[in-house]
Amino acid sequence: MPETIFSRILRREIPADIVFEDEHVLAFRDLHPQAPVHVLFIPKQPIATLNDATPAQAELLGRLLLAAAAYAKAQGFAEDGYRVLMNCNRDGGQTVFHIHLHLLAGRPLTWPPG
Ligand code: DGP
């Protein structure tokens with residue numbers, strides 16, 4: 001998998017506003033927030049796109065979701081609500097090819113997305 005900016009954040013080569021870390025997952029604030037809360041949850045094991053994820057990585061993918069929900073609860077906005085999403089490839093709007101779960105919150109989010 002080619003090197004990405006997120007690999008460099010994982011190695012602490014470039015700064016990021018890290019809000020959560022465990023053995024498998026790192027979470028940091030998006031550089032271009034689209035909502036008052038916009039955090040990216042990434043696996044430490046690089047996977048380029050959701051298309052590249054394997055059944056062996058199912059638990060890791062679940063960890064991203066559970067980490068996002070735990071963060072929402074800890075920060076006190078879980079009951080108000082939030083959105084999690086993962087963009088895939090060109091039509092999904094993916095720009096960084098190390099999968100990441102977006103967590104957006106802090107305002108009512110419209111549907112359908114653009
Ligand atoms: P996506 O379009 O789904 O691939 O989202 C990539 C997100 O990554 C986008 O919302 C902006 C964010 N981003 C890109 N480069 C950096 C960076 O260097 N630092 C941080 N914190 N976020 C970044």
Side-chain angles (χ1 to χ4, degrees):
M1 191 183 113
E3 175 81 357
T4 70
I5 197 85
F6 291 174
S7 307
R8 301 192 64 205
I9 288 174
L10 275 167
R11 294 198 302 267
R12 309 299 205 269
E13 289 173 4
I14 59 169
D17 188 356
I18 293 169
V19 299
F20 171 79
E21 180 171 21
D22 68 11
E23 188 186 344
H24 304 283
V25 175
L26 185 75
F28 50 90
R29 292 187 201 284
D30 195 291
L31 198 58
H32 306 297
Q34 302 301 314
V37 177
H38 189 171
V39 174
L40 304 175
F41 291 79
I42 72 169
K44 290 189 172 178
Q45 177 187 93
I47 304 169
T49 80
L50 189 55
N51 291 336
D52 301 300
T54 67
Q57 293 163 324
E59 184 180 331
L60 181 58
L61 296 174
R63 286 180 184 278
L64 298 178
L65 288 165
L66 292 176
Y71 181 78
K73 291 174 194 168
Q75 294 297 308
F77 59 81
E79 290 304 317
D80 285 344
Y82 55 91
R83 182 171 295 166
V84 291
L85 66 93
M86 189 177 287
N87 296 323
C88 184
N89 278 340
R90 183 196 60 211
D91 283 0
Q94 185 175 5
T95 59
V96 179
F97 289 86
H98 178 138
I99 61 167
H100 45 282
L101 192 71
H102 294 258
L103 168 63
L104 297 148
R107 66 172 171 83
L109 297 160
T110 58
W111 192 263

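For the numbers below, each heavy atom of this structure counts, side chains included, while hydrogens, waters and symmetry mates do not. In listed order, ligands and their atoms are each counted from 1.
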What is the minimum heavy-atom distance between Ala53 and Gln57, and which atoms define it? CA-OE1, 3.3 Å

Provide the number and element of each atom of ligand 1 under 4.0 Å from a heavy atom of Asn87. 1 (P), 2 (O), 3 (O)

Evaluate Val96 for polar contact with ligand 1, using N/O atom pairs at a separation under 3.5 Å. yes

What part of Ile9, side chain from CB on, backbone N/CA/C/O, both or neither, has a heavy atom under 4.0 Å from ligand 1? side chain

Side-chain contact test, heavy atoms from C-beta onward, threshold under 4.5 Å: evaluate it for His98 versus Ser7 and give yes or no. yes

Check contact between His102 and ligand 1, using heavy atoms of the residue and a distance below 4.0 angstrom. yes

Considering non-hydrogen atoms of the protein only, which is the closest contact for atom 18 (O) of ligand 1, and what is the distance? Ile5 CG1, 3.5 Å

Ranked by distance from atom 2 (O) of ligand 1, the top protein heavy atom is Gly93 O, 2.8 Å

Do the ring planes of Tyr71 and Phe41 sit parallel (below 30°), tilted (30 to 60°) or perpendicular (above 60°)? perpendicular

Taking Gln94 for the side chain and Leu50 for the main chain, is one N or O donor matched with an acceptor at less than 3.5 Å? no

When you measure from atom 11 (C) of ligand 1 to every protein heavy atom, which one gives the shortest distance, and what is it? Asp30 OD1, 3.2 Å

One should read off an interatomic distance between Asp30 CG and Leu40 CG, to the nearest 0.5 angstrom, of 4.5 Å

Would a single hydrophobic cluster contain both Leu60 and Phe6, if residues Ile, Leu, Val, Met, Phe, Trp and Tyr are joined by side-chain heavy-atom contacts under 4.5 Å? no

Specify side chain, backbone, both or neither for Thr95, according to which of its non-hydrogen atoms lie closer than 4.0 Å to ligand 1. both

Does CZ belonging to Arg12 count more than 12 external heavy atoms closer than 6.0 Å? yes

Rounded distance [0.5 Å steps], CG in Asp22 versus CG in Leu66: 10.5 Å

Nearest protein heavy atom with distance in Å, relative to atom 22 (N) of ligand 1: Leu31 N, 3.2 Å

Main-chain N/O of His102 paired to Arg83 side chain as donor or acceptor, under 3.5 Å: no

Do me a favour and list the nearest non-hydrogen protein atom to atom 21 (N) of ligand 1 with residue, atom name and distance? Arg29 O, 2.9 Å

Please determine whether any non-hydrogen atom of Ala16 lies less than 4.0 Å from an atom of ligand 1. no

Is Phe6 close enough to touch ligand 1? Criterion: a residue heavy atom under 4.0 Å from a ligand atom. yes

Is the shortest distance from a heavy atom of His100 to ligand 1 less than 4.0 Å? yes

